[in-house]
Amino acid sequence: MGTTEGQGSGVAVPVARGKVRDIFDAGGGRLLLVATDRISAFDVILPQPIPDKGRVLTACSLHWFAQVADLVPTHLVTAVRSGFPAPFDADPDLAGRAILVREARVIPMECVVRGYLAGSGWAQYRAGGAVCGVPLPEGLTESARLPGPIFTPTTKADEGHDVPLTPDEARDHVGEGLYERLREVSVAVYERIAAAALARGVIVADTKFEFGFDTENGDLTLIDEVGTPDSSRLWPADAYAPGGPQPSFDKQFVRDHLDAIGWDHEPPPPDLPVDVVEATAARYREAYERIGGEPFIDYRRRMGAG
């Protein structure tokens, strides 16, 4: 009745399936979000799962939901398996990787906040001195800390790549008032998690949030995942050296491997070697251990996952 390598619940059929998460209708205006061990790179799901990855994503999100609940409501109901409705409460593989949440009308915009100049932001800056239409000072280097966090949203694509939006495009996309509210909340949440993570030795270089409107009360609500190695660029603070790429706790290790072997980023993807899978799993676990301040095995035991 359980799952296969964390690929989703074996007791029901998902109503939606993302690159990583399977979503199940739990009844009564509730959904069950299951973080699998699937990993994607360049918008393609790779053949091999990463052990414990789904539980790490859930562990990080639970940690941050608790940290930012005073800034914005979250969709979390419970992550305790005994609190899930049947038949999900009987599936042991859901322990530590699934959360019961309130349904929400998803806002079709990814709310990206950047505190450092990296990734596509660095590429945009080199090309024109701005990121998503936000001008930045001259002379910045790769991975440099920005003068302050910038809000650089994108479209939310069901398939393919998200498209960067300038402030004017984003206002047209969701409306002036909602854009300003999302910008304000996103930056506040980023500043909260970035400061807390830095105190634990982790730099949150950039991250993305998703929001929706609670279907019960209409409140703007933080949904999906928060501050995870999948949704954020996480760097060890003790190794930070601006002027080039940084070591990371996210899946950049996998992307670098795929680029090194010459994959063209088009399906079908190549297999991941065992050592790459193991090293990636270790990076994910370390991300939680630094952020959560406890051994990952303790999280597993606390959640009833062995």
Side-chain angles (χ1 to χ4, degrees), residues 1-39 48-69 73-103 193 196-197 200 202 222-232 234 249 251 277-278 280-306:
M1 185 171 65
T3 71
T4 301
E5 294 182 320
Q7 296 303 291
S9 176
V11 299
V13 177
V15 296
R17 172 165 284 176
K19 294 184 183 73
V20 173
R21 282 171 179 75
D22 292 339
I23 303 174
F24 299 85
D25 185 352
R30 302 290 187 263
L31 300 172
L32 193 79
L33 269 58
V34 181
T36 73
D37 291 341
R38 296 192 295 265
I39 187 168
Q48 285 76 29
I50 305 299
D52 277 331
K53 177 175 178 285
R55 288 192 171 96
V56 167
L57 301 182
T58 301
C60 289
S61 290
L62 291 173
H63 176 80
W64 294 126
F65 280 144
Q67 296 279 326
V68 304
T74 76
H75 66 166
L76 178 66
V77 175
T78 185
V80 178
R81 183 164 63 94
S82 61
F84 298 165
F88 306 105
D89 58 344
D91 188 345
D93 194 55
L94 295 180
R97 73 166 69 250
I99 57 174
L100 188 68
V101 303
R102 291 183 295 277
E103 284 190 285
I193 71 172
R200 292 278 175 82
V202 177
L222 181 61
I223 64 173
D224 196 47
E225 62 182 322
V226 178
T228 74
D230 272 13
S231 67
S232 313
L234 305 176
F249 296 120
K251 58 186 176 183
V277 170
E278 292 177 349
T280 303
R283 280 168 167 78
Y284 273 81
R285 294 186 191 106
E286 185 179 355
Y288 173 71
E289 290 179 344
R290 290 209 185 195
I291 289 170
E294 67 172 344
F296 182 70
I297 190 63
D298 287 357
Y299 168 80
R300 286 183 58 103
R301 290 171 177 155
R302 180 157 46 82
M303 301 302 291

**Message:** Which residue in the set I99, I23, L94 passes side chain to side chain contact (heavy atoms under 4.5 Å, CB included) when paired with V34?
**Reply:**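 Result for side chain to side chain contact (heavy atoms under 4.5 Å, CB included) with V34: L94.
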**Message:** If we check side chain to side chain contact (heavy atoms under 4.5 Å, CB included) with I39, which of these qualifies: T280, V20, V277, D230?
**Reply:**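 That would be T280.
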Kindly indicate whether the side chain of [X], heavy atoms from C-beta on, has any atom under 4.5 Å from the side chain of [Y].
X    : Y    : value
P85  : L100 : yes
R102 : R30  : yes
P229 : R285 : no
V56  : F296 : yes

Is it the case that the side chain of [X] and the backbone of [Y] share a donor-acceptor pair, with hydrogens and angles ignored and the cut-off at 3.5 Å?
X    : Y    : result
R55  : A95  : yes
D22  : R17  : no
R290 : R200 : no
R81  : D89  : yes
Y299 : G96  : yes
K53  : T36  : no
S61  : V226 : yes
S232 : L234 : no
H75  : E103 : no

**Message:** Would T228 and Y284 count as a side-chain contact (heavy atoms from CB on, under 4.5 Å) here? Give the steps.
**Reply:** CA-CA 9 Å; T228 74; Y284 273 81; over 6 Å; no
**Prompt:** Between D91 and R97, is there a side-chain N and carboxylate O pair less than 4.0 Å apart?
**Reply:** no
Quick check for you: to the nearest 0.5 Å, what is the distance between [X] atom [atom1] and [Y] atom [atom2]?
X    : Y    : atom1 : atom2 : answer
W64  : T74  : CH2   : OG1   : 14.5 Å
E289 : F249 : CD    : CZ    : 10.0 Å
E225 : L33  : CD    : CG    : 9.5 Å
F65  : T58  : CZ    : OG1   : 9.5 Å

**Request:** Let me see the working for V101 and I223 under side-chain contact (heavy atoms from CB on, under 4.5 Å), right down to the final yes or no.
**Result:** CA-CA 9 Å; V101 303; I223 64 173; over 6 Å; no
**Message:** Looking at every non-hydrogen atom in both residues, tell me the closest pair between V80 and T78 and how far apart they are.
**Reply:**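 Closest pair (atom of V80, atom of T78, distance): N-OG1, 3.1 Å.
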